[in-house]
Structures are given as structure tokens and as C-alpha cells.
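Remarks on the structure that follows.
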2 protein chains.
Amino acid sequence: MTPDRPSGDHLVEVLAALANPIRLRILATLAHGRDYVSHLAREIGISRPLLHMHLQRLEAAGLVVGTLELSDDGKAMKYFEVADFDLHLTAESVAQAAATLTRPDPAPGPADKEKPR
Amino acid sequence: MTPDRPSGDHLVEVLAALANPIRLRILATLAHGRDYVSHLAREIGISRPLLHMHLQRLEAAGLVVGTLELSDDGKAMKYFEVADFDLHLTAESVAQAAATLTRPDPAPGPADKEKPR
DNA sequence: TTCACGTGTAAGAACTTTCTGACATGTGAA
DNA sequence: TTCACATGTCAGAAAGTTCTTACACGTGAA
């Protein structure tokens, strides 16, 4: 499997999604096998709404995939599993990704008005 | 060069440091060669105090290294350069790192008191 | 002495992320 | 009908991050 080469903006999203202890734990738990959210919440020890939010962030970044299924007894269950990803980060690869950033953040033009007094 | 295998806590720090467009641009710029902060600030187009903050975050994560030097004309110059790093992230490696997290975040015990009404 | 250039830091505004505690929906079984 | 269990969402508090403005210090040259 060859490493992904995400665009700058996507890279930021993926890194931000990974940069959180709870979300790391979610991924680690899902790595053992798929699970549905209520059960996963109990497993990890956080509230369901909170888990819901973290899963959204992970899914938006493409790190997990969720599918809504109907269990045998008719309950709607949302199962999540890890999407396998392969990120290789070095000074070089990061620099390349940075080149494709869509100038989102710094916005305003000249700064540092600081008068030397 | 073999990839690093950071502990969970350190991994979160590194990822958080990388998960920002400005900091990505800083790394990309420094990848071309070392630079001192005032010049780098002009280069990137952000204020010096802001850059100072971002550099601190990058240095704390071990992604850049700064050295204070005296220029020929006696000025104190702080030069930064990228530390070369090599992170290989997959579902597996992330899961392993997560296992070493020092239970920092979720803190409180049972949650989801939600009465089923 | 003043200017231009370098360094650092601190206070507060503005914004984003994280988290809790409701509330709403649905199903099947007792 | 009520309970247990599944889903989702929203409002607001709390905490963290980002950013500006302003101040401090230093040097060498005009």
C-alpha cells in the first residue's frame, strides 16, 4: 500500500482529526473490529453525544466509515469501522502539501504594524 | 531513515502542531533553508508575535530547532530550522500509540446519564 | 540622541473546540 | 402502555487556540 498524498487543506483536516486523545482511542478501539456508537461509547467511557461529535470529525476526515444497518430485531444501528489510511509525514512531504494550501487562514495582508518606538 | 514511533501523548502534540495551515507554511518555508524570526515573519506575511507563538508550538513538538546567534554586527538573531522527522501513520500505528496515552482527557468516570424517558 | 533593526513577553479580544444535559425519533418485548 | 435500547440534534457552558496591540530589552549607524 503506497502512502496517500493529500492536498494541504485535506492534510490539515486529517491531522486535526487525529490530534486528539479521545479520537485516537476511538480509532484504536475500532481497529479491533467494527462497533456501533452506543456500545462504543460505553466501551470508551464517554457520553454518546460526545462520541457522536468525534465520530463525525473522524468521518469527515475520511478516517472512519459509518453505515446504518438494521439489526435482526429491527433496531437501527450505526456501525463504524476504520478506513485504512497510510500517511507518511516528513519535512518534505509536509512542505509539498503546504504548497497546495488555499490561503485559508492568515487572510489579511500586511501585518506587524509595530512601531519600533 | 526509519519512521519514529512516538508515545501517544507526544504523537498528539506533534499532530496538533502540524494541524494548522500557518505552521505548515512555516515548515515549508524553513525547508528551503534556515531563517530568523523577523525575516520569516515578513516572508510569510504574519506578525512577529504570532509567528513567535507558532514557532514555540513547533519547537515544543520537536519539529523545528531554534538557536540564538549573534550576527556580525552584534545583533541577537534567533535562527530556526526544520528538525527532520519521519512519521508513518496507519490505523495500526495509531492504535499502538493510543495504547500509551496517559488517560489525560476524558477524566470523569461514567457518563451518559441520559434517562430513556 | 534618535533611528532601524533584532529579540522577548503580556493582556485581552475573537474564535473554535470540547463537553454536558436535555430533547426528539424509532423498534421489540414485557 | 411502559420499558430498554437504538438513533439523531440542539443550546449553552467551559476550555483551549489564535491573533492583535502594546510594551520591554538589546545592538550599530547616522
Side-chain angles (χ1 to χ4, degrees), chain A residues 12-13 15-26 35-61 66-80 104-117, chain B residues 12-13 15-26 35-61 66-80 104-117:
Chain A
V12 170
E13 184 177 27
L15 291 172
L18 288 173
N20 177 289
I22 293 194
R23 288 195 287 268
L24 249 39
R25 250 190 286 266
I26 292 172
D35 201 356
Y36 62 95
V37 340
S38 283
H39 184 253
L40 187 52
R42 288 188 294 262
E43 201 77 356
I44 299 182
I46 64 175
S47 73
R48 193 176 50 79
L50 182 53
L51 175 61
H52 186 270
M53 184 231 96
H54 284 302
L55 284 173
Q56 257 183 226
R57 225 138 162 9
L58 286 170
E59 188 168 37
T67 52
L68 187 59
E69 302 179 11
L70 286 183
S71 69
D72 286 353
D73 60 341
K75 295 219 173 86
M77 319 278 279
K78 185 127 187 195
Y79 276 89
F80 278 91
D105 216 329
D112 209 354
K113 244 58 181 183
E114 206 176 353
K115 266 210 293 284
R117 103 177 257 287
Chain B
V12 170
E13 185 177 27
L15 290 172
L18 289 173
N20 179 289
I22 293 193
R23 288 195 288 268
L24 249 38
R25 250 190 286 266
I26 292 172
D35 201 354
Y36 63 95
V37 340
S38 284
H39 185 253
L40 187 52
R42 288 188 292 262
E43 201 78 356
I44 298 181
I46 64 176
S47 73
R48 192 175 50 80
L50 181 53
L51 176 61
H52 186 269
M53 185 231 96
H54 284 302
L55 284 172
Q56 256 184 224
R57 223 137 163 9
L58 287 170
E59 187 167 37
T67 51
L68 188 60
E69 303 179 10
L70 287 181
S71 70
D72 285 354
D73 60 340
K75 295 220 172 86
M77 319 278 278
K78 185 127 187 195
Y79 278 89
F80 278 90
D105 218 328
D112 210 354
K113 243 60 180 181
E114 205 175 355
K115 265 208 292 284
R117 101 174 261 284

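Numbered from 1 within each chain, the chains take letters A, B, ... in sequence-line order.
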On the nucleotide C/dG26, are OP1 or OP2 found under 4.0 Å from the side-chain N or O atoms that A/K75 carries? no

Going by heavy atoms in the side chains, are B/H52 and B/Q56 under 4.5 Å from each other? yes

Verify side-chain contact (heavy atoms from CB on, under 4.5 Å) between A/E59 and A/F80, making sure each step is shown before the conclusion. CA-CA 9 Å; A/E59 188 168 37; A/F80 278 91; 4.0 Å; yes

Separation of D/dA15 atom P from A/L50 atom CG, nearest Å, is 15 Å

Measure the distance from CD1 on B/I22 to P on D/dT20 and round it to the nearest whole Å. 8 Å

Think A/S47 has a side-chain N or O under 4.0 angstrom from the OP1 or OP2 of C/dT20? yes

Can you tell me how far P of D/dT18 sits from NE2 of B/H54, to the nearest Å? 6 Å

With respect to the phosphate group of D/dT18, does any side-chain polar atom (N or O) of B/N20 fall under 4.0 Å of OP1 or OP2? yes

Under 4.0 Å: is that the gap between some side-chain N or O of B/R57 and OP1 or OP2 of D/dC19? no

C/dT25 C1' sits how many Å from A/M77 CE, rounded? 16 Å

To the nearest 0.5 Å, what is the distance between CD1 (B/I22) and CD1 (B/I44)? 8.0 Å

Whole angstroms only, please: what is the CG-P distance between B/D73 and C/dG6? 10 Å

Is there a donor and acceptor pair closer than 3.5 Å between the side chain of B/R48 and the base of C/dT7? yes

Exercise: identify the closest heavy-atom pair between B/R23 and B/A17: NE-O, 2.7 Å

On a heavy-atom basis, the closest approach of A/L51 and A/I26 is CD1-CD1, 3.4 Å

D/dA6, OP1 or OP2 - any side-chain N/O from A/Y36 closer than 4.0 Å? yes

Under 4.0 angstrom, heavy atoms only, what part of the nucleic acid is A/H52 near: base, sugar-phosphate, or nothing? base

Does C/dG6 have OP1 or OP2 under 4.0 Å away from a side-chain N or O of B/K78? no

In whole Å, what is the span from the CG atom of B/L51 to the P atom of D/dT21? 16 Å

For C/dG6, does either OP1 or OP2 sit under 4.0 Å from a side-chain N or O belonging to B/H39? no

Tell me whether the side-chain N/O atoms of B/R42 come closer than 4.0 Å to OP1 or OP2 in C/dG6. yes

Closest nucleotide of DNA chain C for A/D72 versus for A/M53: which of these residues is on the 5' side? A/M53

B/L58 CG - D/dT17 C1' separation (whole Å): 14 Å

Could you tell me the separation between the CD atom of B/Q56 and the P atom of D/dC19, rounded to a whole number of Å? 15 Å

